[in-house]
Structures are given as C-alpha cells and as structure tokens.
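Quick notes on the structure that follows.
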Amino acid sequence: MSCCCELQGCNEGAKVLGVIFDLDGTLLDSERATRGVVNEFLARYGKELDREKEDKKRLGMTQKDTAAIMVTDYELPLTPDQFISEITPIYRERWAKAKALPGANRLIKHLQKNGVPMALASNSLREYIDAKISYHKGWNESFSVILGSDQVKAGKPSPYLFEEAAKKMGVDAINCLVIEDSLVGVKAANAAKMKIVAVPSRREADCNGLANVVLHSLLEFQPELWGLPPFDDWLDDTLPIEPIHLSGLYVTGCLEEATDNATLALPDQAVGLYLGWANIDTDRKFKILASINLDFSCVAYKKIRVYLIDSNSDLKQKQNMQISLVGYIRTWDNKELSSIAFDKLEEYKSIARASLDLPSFTCL
C-alpha cells in the first residue's frame, strides 16, 4: 500500500484543504479510447502518422497548440482552426468509450464523502470536459469547480488554471494538492506553488523530478499522507476494485498482447499486483494472482504475468485466456515482481486465495 517514492514530508507545511485534478490521463483513459483518430484523419490527406515524431510530443498541450503543430509537421492544407473543426467530431465519437483509470472513481467518491473540496482543471475546452465527464456517473456533481483552458488567460504550463480553480474553491494555493499526469501540468502546478502528486505515463516520466510524490497508479494514493481522511475500503491485505477485463494468448505464464484486448488495452497507470479469475475455454475458471509490470525490453512495454493459484498442470503451453482482475494487493516493484521469490509468491497466493472466497471479489 505504499507509494513508489520517498514519502517523508508529504504532510509537512500547509494543510491540504482542497484537491485539483487534471482530467485526461489522470482520471480518464482518453488517450487509449481515441487511439487511431490521428491516423484515420491523416489518411484523408494521404499522410501517414510518424510514430517517432508523435512519441516525442508532449501530452497535456492545449488544443490550439496541438493543432498548429500537426498542421505544420504534416504540411496539411488546413489552418489550425480548420484542423480542429474537422478532427473534433471524430474525437467526440470516441469519448463515450473512455474509461475511468484504476482508482479514479474510488478517490473521487472518497474525497466527496469526506467533504474535501475538489476541482477539475484541464487544458481541454470546457465544452469538451463536460462532454467527456457526462459518461461517468456522479463526476459532474462531485467537483465544485470545473475549468477548461478557454476560461483563463492561458492554459498549462501557465499557472492560471490552477490559480483560478483554487480561487473558485475558496482555498489558498498553498493549501491545494494537484494530481496530474503530464509535464506541462506539473510545471503549471509548480508555478502555482501547489503540492503535486504525479501519476505519469511512460511518455511523461521526466515530470518525476518536479512532483512531491510520483505514483504508478491512483490505487497507490494514500490520503492520510497529505492530512486527508484515510481510505477504509481495504479488506485485510486486499482492495476490491472495479474489474479489469483482459484477454490474450497465455504463453508460459504470461498473457501476451495477441490482440488489442491484452496489454495494449491497459493504461500505463495499471501496474501492480492483482488477484482475480481466469477463464480458459468456456467452462474452466481458475483463481489467479497477476503482476502487471513495466518491461521496456518488449514491444508492448508491459508484461502481464499470470500465476494460477491452485493448479496449472493441465494447461497447454499456448492457449487463449480471459482474465478478470477484481482485487489489488500492492504497488509495482520492478525488482520483486519481475522475479518473485518462491516464499513471497506463496504468501501472495495465500492472500489471493482467501480473498477470492469473499463476496467482494466474486467473478463478474
């Protein structure tokens, strides 16, 4: 249940009285939902996506800045405004499919239940924010303040979004905690002189040095380290979560990215040690322990290792598998989870076995 960085000093200084969230990549897995949109759009103009060039671009930029860069980089016969006008309807269709990132709903509900003021401050336009969160029950009502980049003088990395959010919440900047996933967002929070928790994707790893704390997932967030009410939803050593459903080819203990439903369907912010259920064929169900690790030696850069808790003697070397992860045990530790020692593995299996007999971890 610990964060993935040094935690001493999180609660030093001014008390946290309000929390400001970014949206895309922090609460909402919008990048994965809209994957392929740019490819599809460029194809209309006979252009091909330059993956190397795109990987170097910065997440969290304003729409106008992104449009100007795209028009220039791909020599499109459009103005930035025309680019926005043509590509936006495609994005709107995909927003309905964007899922909440692991731990997002849990954290929002917890802070709301405990009366902690929350704001949403995104570089998206306000109308786009409203459209995206409309698909997620309770989100609009949970935030006392919602701001888009078109409602302030300038978007991130300028501090205006966060400063205005704090002002509207009635909380001083020094008493605000910002939760972000991008470098431009972390820079904006720094400029606003606020405390920062970063939950970055692999593409935004260079924001690590600027944040007070860096997490792999919102499931790692510990409110009490910031003087906020602690979670009370752990059942002994496991946390019930919204199910994560994956499918792929099970090969010598790993679920491979045989289809878009395997590791490619996982956000970067889903690494950790989980428990759940595996289905093989149509009538065989197994209890499992699953570690999701970052592994940059493979193309997908994430490795899903599946440990069958009770038996694996009759499994073929290669076969299709569907898994449902229903509980979370701990944060990701590259050294430990990449090669779990036998005694530690048995301990985690024992925890998972006992938890999966409880109603809270029923296979859906």
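Scope of the values below: all heavy atoms of this structure, side chains included, with no hydrogens, waters or symmetry mates.
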task = Take Asn123 and Asp22 through the side-chain contact (heavy atoms from CB on, under 4.5 Å) test and state the conclusion after the steps.
result = CA-CA 8 Å; Asn123 260 355; Asp22 173 53; over 6 Å; no
Considering all heavy atoms, the nearest [X]-[Y] contact:
X: Ala191; Y: Glu163; result: O-OE2, 4.5 Å
X: Ile196; Y: Val186; result: CD1-O, 3.7 Å
X: Thr362; Y: Trp277; result: C-NE1, 3.9 Å
X: Ser158; Y: Ala188; result: O-CB, 3.4 Å
X: Pro229; Y: Val116; result: CD-CG2, 4.4 Å
X: Ile241; Y: Ile244; result: CD1-CD1, 4.2 Å

request  = Output, in order, the C-alpha distance, side-chain angles, deciding distance and verdict of side-chain hydrogen bond (donor to acceptor under 3.5 Å, both in side chains) for Asp236 and Ser355.
outcome  = CA-CA 9 Å; Asp236 294 326; Ser355 295; over 6 Å; no
Close side-chain approach of [X] to [Y], heavy-atom, < 4.5 Å:
X: Phe83; Y: Thr79; result: no
X: Arg353; Y: Ser350; result: yes
X: Ile179; Y: Val19; result: yes
X: Ser247; Y: Met321; result: no
X: Leu23; Y: Ile129; result: yes
X: Val213; Y: Leu215; result: yes
X: Ile90; Y: Thr34; result: no
X: Leu345; Y: Leu289; result: yes

Please answer: with hydrophobic residues joined when any side-chain heavy atoms are less than 4.5 Å apart, are [X] and [Y] in the same cluster?
X: Ile20; Y: Leu218; result: no
X: Leu147; Y: Val184; result: no
X: Leu101; Y: Val199; result: no
X: Leu107; Y: Leu228; result: yes

query = Got a salt bridge between Arg94 and Glu40, using NZ or NE/NH1/NH2 to carboxylate O under 4.0 Å?
reply =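 Judged by the 4.0 Å cut-off on N to carboxylate O distance, Arg94 and Glu40 do form a salt bridge.
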request  = For the pair Lys64 and Asp81, find out whether any cationic side-chain nitrogen is under 4.0 Å from an anionic carboxylate oxygen.
outcome  = no
Side-chain donor or acceptor of [X] paired with backbone N/O of [Y] under 3.5 Å:
X: Trp226; Y: Lys15; value: no
X: Thr72; Y: Ile69; value: no
X: Lys47; Y: Tyr74; value: yes
X: Gln151; Y: Gly148; value: yes
X: Ser182; Y: Gly185; value: yes
X: Asn175; Y: Val171; value: no
X: Asp150; Y: Arg126; value: yes
X: Lys195; Y: Ala14; value: yes
X: His136; Y: Ala98; value: yes
X: Gln112; Y: Ile108; value: no

ask   = Do we see a donor-acceptor contact under 3.5 Å between the side chains of Lys132 and Ser124?
value = yes
query = Under the side-chain contact (heavy atoms from CB on, under 4.5 Å) criterion, do Arg106 and Asp233 qualify, and how do the steps go?
reply = CA-CA 9 Å; Arg106 173 192 185 225; Asp233 51 355; 2.7 Å; yes
task = Using the six-membered ring wherever Trp is involved, compare the ring planes of Phe41 and Tyr45 and label them parallel, tilted or perpendicular (cut-offs 30° and 60°).
result = tilted
key: From CA spacing to verdict: salt bridge (charged side-chain N to carboxylate O under 4.0 Å, His left out), Asp232, Lys113   = CA-CA 12 Å; Asp232 58 3; Lys113 182 179 73 173; 3.7 Å; yes
remark   = Rounded to the nearest 0.5 Å, the CG atom of Leu239 sits from the CG atom of Leu235 at a distance of 8.0 Å
message = Counting only heavy atoms from other residues, nucleotides and ligands, does the tally under 6.0 Å from CD of Glu141 exceed 12?
response =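 Atom CD in Glu141 is packed in, count exceeds 12.
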message = Taking atom NZ as the centre, does Lys349 end up with more than 12 heavy-atom neighbours from other residues, nucleotides or ligands that are less than 6.0 angstrom away?
response = yes
task = Kindly say whether the aromatic ring centers of Phe221 and Phe231 come within a distance under 6.0 Å.
result = no
ask   = For Gln269 and Ser217, what are the C-alpha separation, side-chain angles and deciding distance, and is it a side-chain hydrogen bond (donor to acceptor under 3.5 Å, both in side chains)?
value = CA-CA 5 Å; Gln269 300 92 333; Ser217 162; over 6 Å; no
task = Walk me through it: do Ile174 and Lys193 pass the test side-chain contact (heavy atoms from CB on, under 4.5 Å)?
result = CA-CA 6 Å; Ile174 197 172; Lys193 296 180 172 54; over 6 Å; no
key: CA sep, side-chain torsions, deciding dist, call: Lys156, Ser149, side-chain hydrogen bond (donor to acceptor under 3.5 Å, both in side chains)   = CA-CA 8 Å; Lys156 308 168 193 177; Ser149 60; over 6 Å; no
task = Begin from the C-alpha positions of Arg92 and Tyr128 and carry the test side-chain hydrogen bond (donor to acceptor under 3.5 Å, both in side chains) through to its verdict.
result = CA-CA 8 Å; Arg92 281 184 177 275; Tyr128 297 169; 5.2 Å; no
message = Is there a side-chain contact (heavy atoms from CB on, under 4.5 Å) between Val37 and Ile87? Walk through the geometry before answering.
response = CA-CA 8 Å; Val37 167; Ile87 201 169; 3.9 Å; yes
